Amino acid sequence: MKYDFKSIEEKWQKKWSDSGEFKIDENTDKPKYYTLEMFPYPSGNLHMGHVRNYSIGDVVARYKKMQGFNVLHPMGWDSFGLPAENAAIKNGLDPADWTWSNVDNMRGQLQRLGFSYDWDREVATAKPEYYKFTQWMFEQLYKHGLAYKKKSYVNWCPSCATVLANEQVVNGKCERCKSEVGKKDLEQWFFKITDYAQRLLDDIDKLDGWPDKVKSMQTNWIGRSEGAEVKFKIDGRDDYLTVYTTRPDTIFGVSYMVIAPEHPVIDELISGSETEAQCREFIKKVQSQSEIVRSATDTEKEGVFTGTYLIHPFTGDRIPLYLANYVFLDYGTGIVMGVAAHDQRDFDFAKKYNLPIKIVIQPEGQNMKSEDMTEAFAAEGIMENSGQFDGMNNKDALKTIIEYLEENGIGERKVNFRLRDWLISRQRYWGAPIPVIYCPHCGEVLVPEEQLPVLLPQNVKFTGQGQSPLSECEDFVNTVCPKCGAPAKRETDTMDTFVCSSWYFLRYCDPHNDKMPFDKDKADYWMNVDQYIGGVEHAILHLLYARFFTKALHDFGYIDCCDEPFKNLLTQGMVLKEGTKMSKSLGNVVSPEEIIEKYGADTARLFIMFAAPPERDLDWNDTAVEGAYRFLNRVWRAVDDLKEYLTDEKPNQSDLNEDEKKLRLAVHSTIKKVTYDCDRFNFNTAISSIMEMVNALYVYKEKTEKENYNKAVITEAVNALIVLLSPFVPHITSELWEMIGKTSNLSVEKWPEYDEDALVVSEIEIVLQINGKIRDKIKIDPNLSPDQMKELAMSSDRINELIDGKEVVKCIAVPKKLINIVVK
RNA sequence: GCGGGUAUGGCGGAAUUGGCAGACGCGCCAGAUUUAGGUUCUGGUGUCAGCAGACGUGAAGGUUCAAGUCCUUUUACCCGCACCA
């Protein structure tokens, strides 16, 4: 019989779907295991990255299930987002129709790959029954003071015609469409993720199962720094400006101050000053610069004197205040001390504008002169020109100076984060509407919970310009105030899709609940996610937001079991073709559909799991895919040949001949190895050891006459082969299972255990070395003591020949491995 | 500049603890089967050398009886952040 993957895969996929094979619930004594792959955006078709992501997840799910866990393995759709709306603008399609037809197509593709999802738990963020609770989440955050509206300079993508979160701006460009992002002064909705900055940072240490890379990326993104805020009095006035510095020890080295051009106090400061005209011109110039130019390290530092002086709190000196393009409004206070001698940026600026360079820290044992300096001195040293702090080590001085600042009311210790609040409103249609109503009498009012969801209106015009399409939709905008009943208007912005995906893993725990986003007991049963799998591109955005949501929901009392969503994280590598990323423009895209058509889902899955370890990039190789297909055929033929030599009897180790023992050894060492490897996600080596076992089976077949087959040993080998292979290639193994007469369900078959007795060998080969070089190999009883081993080694003719006439200095024997004789 | 990572045959990749470097697969070479091609089965395949042997895990040192693995220095490449005061 031939391996007909097409009919086999169709047959089993239908069986699984008809019987609800992968349906799961909480009513069991088994320990739970929640494995989750990042849900896809329904772009229309699966790509190889998806196939890899979900193949890895499916192997984990099936393996854990066979090990006796109650496995939650769900799938869903991150189905709000811009492409649907762009399709509407371009082709006049309804975003919902476009989305749901893509979902149907992709669901079919996932099913053709044989993934073991509990489809009853499917979620889609764009369904009212889901976004109802996204809106509920917004309201919870609002009620706890974590959602608020403010006017600020925000990132604006002209092409997407919407604002963006800081995390969505990559090198000054929109992470979605790559257009240059500008700034706009707008009133927008934010989530106060900064309230959680310290906890999000501290708890990174708890994430043992996360890759270091992702942890360090999050650490850098949160960007904690310690320093002080210091007040400088404005000369000739009674008020102060406050600066933030991480180097209060250099405060005596301040020779000028710099302020961000957008700073709100500037207008007042420069009005009427002699440099007003230049200042205004400079501000205009800086604002016209793109974020990329502005934030590039090599952009020349420029500035203009404001006409204002500040008074140094220690020396009383008058310090000139400059506008400068290298100071940012949104970090610290937007005002910085200029310490030319000890900061490279300040040094460059001071050189350009001829500002004094004042040394206050000397490298130990040296006497630097400012006129000789070619770059700033930022290392440790001894304080000088710093009044009562002279002679101190600058690290000690830093602490002492902060204490002094606090005691004298000049300043205070301050921790700063780079993390900004999360801007969540978007001027787009295809997202969850923000459930807020503006009443002329009551102001900002939440839509009452019982009125959720605020539904997206239909028959909306998409122009792709200006305001959110919702704002043109009279029926939607006009409503009544839930508090006073007066005519009122709805918020017309929708939420960033990252809000929807920040809690979907909780919804899978209880996907049909229409009262609450999830039942607390169910969430406490399933959470947290034992294994999360996805691309590293979400290292900051999604993973940070999901952590924030989980912590907030935990604090609000909706989950008890954890305040971190993902216990273990696997970031899988990319799928490449000839070393480069697959892309339409390069024309090197390998379509999963074609591969399934040509070789079947099992071959696609096997190749992907075999070709590289999961976290590494994988280079697609057509001939190696053939190799995977060849292997499955080899397995098929072996089982087909041997199916008539099966028995119910178990092998008896003591009755076996050498060939039978060898086969049994191969089988049981493979069980051991595959189990070990699967526990560590070394799927490529797990598969290679199964291949070795198949090779051993062929050797046995070759060497043994059919009438002498040991049926018990063969049966054990065939069973183990099918079971061990089943998480990787579920269709062919299900068919083979049935073919050898099994009626039980393979997907819940108990994972095999190896038999120690089968691993015992009477003889092993060890290596004889002289001075670390291999000179001979001998076969010995593995249980020999080191002394017995040495004795045997010394009786080797070859060894005696080589050490003849030399002095044996030392002899090392490592049981079961080698003997090394050291001679002079 | 800061942070994370990678480097092993023609290629993808193995090598749990320091203990036979190159498992497994691809490719290639040969043999068997076949009218032939394909398929399948078997054997070979790091480099140099006829053999013995020597060399070999980015580079250079070191520790050790023994190093891909540990230590020091260094190079190249990939990824992330970056005028953050």
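Just so it is clear, the model here is predicted, and its values are computed rather than measured. Protein chains get the first letters and strands the later ones, always in sequence-line order, with residue 1 at the start of each. The figures here come from the full heavy-atom set of this structure, side chains too, leaving out hydrogens, waters and symmetry mates.
Counting any heavy atom pair closer than 4.0 Å across all strands shown, A:V327 reaches a base atom. The residue A:R224 sits apart from the nucleic acid: no heavy atom pair falls under 4.0 Å. Contacts of A:D348 with the nucleic acid, taken as non-hydrogen atoms under 4.0 Å apart, are absent. Among the protein residues, A:K824 comes within range of no part of the nucleic acid, since none of its heavy atoms lies under 4.0 Å from any strand. Here A:G627 lies in heavy-atom contact (under 4.0 Å) with sugar-phosphate atoms only. Using a 4.0 Å heavy-atom distance criterion, A:D619 is classed as making no nucleic acid contact. A:V814 comes within 4.0 angstrom of a nucleotide base, judged by non-hydrogen atoms across all strands. Within the 4.0 angstrom heavy-atom criterion, base atoms lie near A:K777. Within the nucleic acid shown, A:S689 has no heavy atom closer than 4.0 Å to any nucleic acid atom. Residue A:N695 is in sugar-phosphate contact alone, with no base atom involved, counting any heavy-atom pair closer than 4.0 Å across all strands shown. Across all strands shown, A:I812 has heavy atoms under 4.0 Å from base atoms, whether or not it also approaches the sugar-phosphate. Residue-level contact check: A:P211 touches neither bases nor backbone, having no heavy atom under 4.0 Å from any strand. At a threshold of 4.0 angstrom between heavy atoms, the contacts of A:Y698 are confined to the sugar-phosphate backbone, with no base atom among them. Contacts of A:R630 with the nucleic acid, taken as non-hydrogen atoms under 4.0 Å apart, involve only primed sugar atoms and P, OP1 or OP2.
The aromatic rings of A:F314 and A:F252 sit tilted relative to each other, their planes meeting at an angle between 30° and 60°. Using cut-offs of 30° and 60° for the angle between ring planes, the A:Y322 and A:Y353 rings count as tilted.
A salt bridge is absent between A:K672 and A:E753; no separation between the charged side-chain nitrogens and carboxylate oxygens falls under 4.0 Å. Between A:D4 and A:K6, none of the side-chain N atoms (NZ, or NE/NH1/NH2) sits under 4.0 Å from a carboxylate O, so this pair counts as no salt bridge.
Here the range on RNA chain B touched by chain A, meaning any atom under 4.0 Å from one of its heavy atoms, is B:G3 to B:A85.
The separation of B:U16 from B:C83, taken at their C1' atoms, amounts to 47 Å, rounded to a whole angstrom. Here, B:G68 and B:A60 have their P atoms 14 Å apart, quoted to the whole Å. One C1' atom belongs to B:U47, the other to B:A21, and the distance between them is 14 Å to the nearest Å. Spacing of C1' atoms, B:G25 relative to B:C48, comes out at 27 Å, to the nearest Å. Rounded to whole Å, the C1' atom of B:G43 lies 22 Å from the corresponding atom of B:C51. One C1' atom belongs to B:G9, the other to B:A23, and the distance between them is 14 Å to the nearest Å. One C1' atom belongs to B:U8, the other to B:G22, and the distance between them is 8 Å to the nearest Å. Distance check on atom C1': B:G56 versus B:A49 gives 15 Å, rounded to whole Å.
A 3.5 Å limit on both hydrogen-bonding distances identifies no Watson-Crick or G-U partner for B:A85. The partner of B:C41 is B:G31, judged by Watson-Crick or G-U wobble contacts that both fall below 3.5 Å. Using the Watson-Crick or G-U wobble rule with both distances under 3.5 Å, B:C2 pairs with B:G80. Remark: B:U72 base-pairs with B:A60; criterion is Watson-Crick or G-U wobble with both hydrogen-bond distances under 3.5 Å. If you check B:C55 for Watson-Crick or wobble pairing at under 3.5 angstrom, you find it paired to B:G46. Base pairing of B:C65: its partner is B:G19, meeting the Watson-Crick or G-U wobble criterion (both donor-acceptor distances under 3.5 Å).
Smallest separation of non-hydrogen atoms from A:A165 and A:Y545: CB-OH, 3.7 Å. Of all heavy-atom pairs between A:M582 and A:N588, the closest is CA-OD1, 3.3 Å. The minimum heavy-atom distance linking A:V181 with A:C174 is given by the pair CG2-N, 3.3 Å.
Under the 90° criterion around 0 for the glycosidic angle, B:G12 counts as anti.
Note that the SG atom of A:C678 and the CZ atom of A:F683 stand 5.5 Å from one another [nearest 0.5 Å]. Of the inter-residue distances, the one linking A:E702 atom CD with A:D659 atom CG reads 11.5 Å to the nearest 0.5 angstrom.
Between A:W221 and A:V822, the residue anchored nearer the 5' end of RNA chain B, judged by the nucleotide with its closest heavy atom, is A:V822. Taking the nucleotide of RNA chain B with the nearest heavy atom to each of A:R775 and A:V536, the more 5' of the two is matched to A:R775.
For the residue pair A:Q788 and A:S785, a side-chain donor N or O sits within less than 3.5 Å of a side-chain acceptor on the partner.
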